[in-house]
Amino acid sequence: MIALVDCNNFYVSCERVFNPKIENKPVIVLSNNDGCVIARSNEVKALGIKMGEPAFKLKHIIEKKNINIFSSNFTLYGDLSKRVMNVMSAEVNKIEIYSIDEAFLDFTDSASKERGVSIKNKVQQWTGIPVSVGIAPTKVLAKVAGHIAKKYTKSGVFIFDDTDLIRRALSVFAVEDLWGIGKNTAQKLKAVGIHTALQFRQCDSAWLKTNLSVNAVRLQKELFSEVCYPLELKRKRKQNICTTHSFGTEIKQLSKLKEAIGSHANNCATKLRQEKSCCNSISVFLSTNPFKPQAKQYNPYKVIQLDVPTNDSMEIVKATIKALESIYRDDCVYKKAGVMVSRIVPQEQMQLSLFDSLDREKRKSINIAVDKINAIMGKNKVKLAVQGNGRKWKLRQEKLSPCYTTRFSDILEVVI
DNA sequence: TCTGGGGTCCTAGGACCC
DNA sequence: TCTGGGGTCCTAGGACCC
């Protein structure tokens, strides 16, 4: 048996932990640049505000309903996530951390509602974060159970412990709410009269295989309690690492794009080194503002293949700047830029080249030193000159909450 | 004025091999 | 009129997830 533990409205709950005034009040957390809604409290969901809605369209209702707005504070959310995961890890033998706010727990040794409730209460008491728990024989069913727990139970815990119960639940569970069924697939299914999870479970698997994909067949098996997605206990090495941002204000000049791309590239290199990986290929991409159809649209990208895999900041930044120069056009206004590194290999398994002229040992020492300094002094305290000192393309974060748990100057003071 | 930022997996089709 | 029958590898694009 598997338990899915899912934090309720996670980012909103994080903001509430240190700000009890917004308990039971409508709260929204916005994406980077204060662009879209990415987390909503129940009060906000009740108002009919959708996930992903652009903030500027909500100005009116925000004022009218007195909604509390926050810029995203990923430092805070990441730290609280770590705490939640730590509490749960101590409760089970095996755990798969699936995302910032979700984990699958191995309940094979004992699966009961009481165990779910006990974990839920402990997480709530020790971290301040409310969670829901769904317990079932497979991940897909645990997701369904979690859904039910969150929506229809008082305890916030739901367990699928008999097949008839599963059958009855699936008969009223919308097919588009299944894990792995997105908008497009749901549309296809509905076109042939499949509306509920039970109907999906009953349909011909050969039809699923040809018309959808093998994943649809796996999903179907999981609904029959047959495990196709086992717990993944070992953290996998990332296959791609991507850093990108929209600009607060649009950019035209090459020099500013260089700062942005250079920073993204350095960021990717740092992440590569944290993963102990090297990349064999680097891509750079730019895009204009798709929401301004009257403006000239241009979304170029350039991929550079390397002879020797690398995670050296200087080498990666240099390559991206060259790529940027090759795709830049001065008759466009850019809204977004990014860097992606791929074809990743473990750093201890890199294939060397006979004709390599770079002193890799020396570079390695430099990178280690820079990483060390930045770990102590703060991100990007030491950086490459091309990144500039500008904050010109910086994020807009007008409603940022303090980093209560990770910055000494932000620690709460208690007045007695 | 204003619309996020990460990831993964699968498939079809092209290029190539014998 | 008619032009084989196997394979592999790579990539772009689609679909999905949080």
Side-chain angles (χ1 to χ4, degrees), chain A residues 4-11 28-40 49-60 62 69-74 77-78 81 96-104 139-140 143 146 175-189 208-219 228-229 232 235-250 260 264 267-268 271 275 280-281 283 285 287-293 295 299 301 303 305 333 335-344 395-399:
Chain A
L4 169 72
V5 182
D6 192 328
C7 301
N8 300 343
N9 319 325
F10 182 55
Y11 299 162
I28 282 177
V29 175
L30 299 176
S31 64
N32 277 339
N33 273 321
D34 294 346
C36 304
V37 174
I38 55 167
R40 305 158 297 161
I49 294 176
K50 299 252 158 49
M51 190 75 167
E53 196 118 345
F56 71 90
K57 286 188 182 169
L58 298 171
K59 221 169 180 178
H60 187 68
I62 286 169
I69 302 289
F70 292 90
S71 304
S72 36
N73 182 347
F74 288 110
Y77 312 151
S81 169
E96 174 189 340
I97 296 171
Y98 178 69
S99 73
I100 193 164
D101 71 334
E102 272 174 71
F104 291 105
K139 281 185 179 174
V140 169
K143 277 277 198 179
V175 73
E176 67 262 32
D177 290 339
L178 284 173
W179 191 40
I181 302 290
K183 226 171 78 187
N184 287 35
T185 311
Q187 218 171 15
K188 271 192 205 168
L189 290 169
L208 287 180
K209 175 83 183 7
T210 40
N211 291 282
L212 302 177
S213 76
V214 289
N215 278 330
V217 181
R218 289 184 188 133
L219 178 63
C228 293
Y229 303 111
E232 286 175 23
R235 214 176 75 81
K236 284 191 183 152
R237 188 182 299 273
K238 283 202 174 75
Q239 297 175 23
N240 294 291
I241 292 171
C242 180
T243 308
T244 170
H245 270 317
S246 300
F247 305 125
T249 45
E250 292 168 354
H264 292 326
N267 226 322
C268 283
K271 288 184 193 170
E275 293 255 320
N280 276 293
S281 105
S283 330
F285 54 91
S287 55
T288 48
N289 191 343
F291 297 103
K292 279 189 185 164
N299 306 295
Y301 74 96
V303 186
Q305 308 293 355
V333 184
K335 179 64 182 168
K336 194 173 175 177
V339 172
M340 181 158 92
V341 293
S342 33
R343 289 175 55 213
I344 287 174
L395 284 179
R396 192 169 60 219
Q397 287 182 310
E398 285 169 7
K399 310 274 189 182

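Quick note on labels: first sequence line is chain A, next is B, and so on, each numbered from 1.
- Heavy atoms of A:E53 sit nowhere under 4.0 angstrom from any nucleic acid atom.
- When the P atom is used for both B:dT3 and C:dC18, the distance is 25 Å, rounded to whole Å.
- Note on A:D34: nothing from the nucleic acid sits closer than 4.0 angstrom, heavy atoms only.
- With sequence neighbours excluded, the residues satisfying ring pair (Phe, Tyr, Trp, His ring centres under 6.0 Å) with A:Y11 are A:F74, A:Y77.
- Using a 4.0 Å heavy-atom cutoff across all strands shown, A:K59 reaches at least one base atom of the nucleic acid.
- Among the heavy atoms of the strands, none lies under 4.0 Å from A:L219.
- Using a 4.0 Å heavy-atom cutoff across all strands shown, A:L30 reaches no nucleic acid atom at all.
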Problem - Pair assignment for DNA chain B - dot-bracket with | for other-strand partners, Watson-Crick or G-U under 3.5 Å - result: ....||||||||||||||
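- Atom CD of A:Q305 has more than 12 heavy atoms from other residues, nucleotides or ligands within 6.0 Å.
- Contact annotation for A:T243: backbone-only contact, meaning every heavy-atom pair under 4.0 Å involves sugar-phosphate atoms and none involves a base.
- Among A:V37, A:I38, A:L58, the one residue that satisfies the side chain to side chain contact (heavy atoms under 4.5 Å, CB included) test with A:L30 is A:V37.
- Extent of DNA chain C lying under 4.0 Å from chain A heavy atoms, first and last nucleotide in 5' to 3' order, is C:dA15 to C:dC18.
- Contacts of A:Y229 classified as ring pair (Phe, Tyr, Trp, His ring centres under 6.0 Å), with partners at least two apart in sequence or in another chain: none.
- A search for ring pair (Phe, Tyr, Trp, His ring centres under 6.0 Å) contacts involving A:F285 returns nothing, not counting sequence neighbours.
- Using a distance-only test at 3.5 Å, with no hydrogens or angles considered, no donor-acceptor pair links the side chain of A:S281 to the main chain of A:R343.
- A:K292 comes within 4.0 angstrom of the backbone, heavy atoms only, and of no base.
- Contact annotation for A:R218: backbone-only contact, meaning every heavy-atom pair under 4.0 Å involves sugar-phosphate atoms and none involves a base.
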Exercise for the section: Assess whether side chain to side chain contact (heavy atoms under 4.5 Å, CB included) is satisfied between A:I69 and A:D34, documenting all intermediate values. Expected result: CA-CA 9 Å; A:I69 302 289; A:D34 294 346; over 6 Å; no
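- A search for side-chain contact (heavy atoms from CB on, under 4.5 Å) contacts involving A:E250 returns A:N289, A:K292, A:V333, A:K335, not counting sequence neighbours.
- Within 4.0 Å of A:K143, counting heavy atoms only, lie sugar-phosphate atoms of the nucleic acid but no base atom.
- The 5' end of DNA chain B is approached more closely, in terms of each residue's nearest nucleotide, by A:R237 than by the other of A:T210 and A:R237.
- Among the protein residues, A:I100 comes within range of no part of the nucleic acid, since none of its heavy atoms lies under 4.0 Å from any strand.
- A 4.5 Å side-chain heavy-atom check between A:R396 and A:N33 finds at least one atom pair inside the cut-off.
- Between A:F56 and A:N32, the residue whose closest nucleotide on DNA chain B is further toward the 5' end is A:F56.
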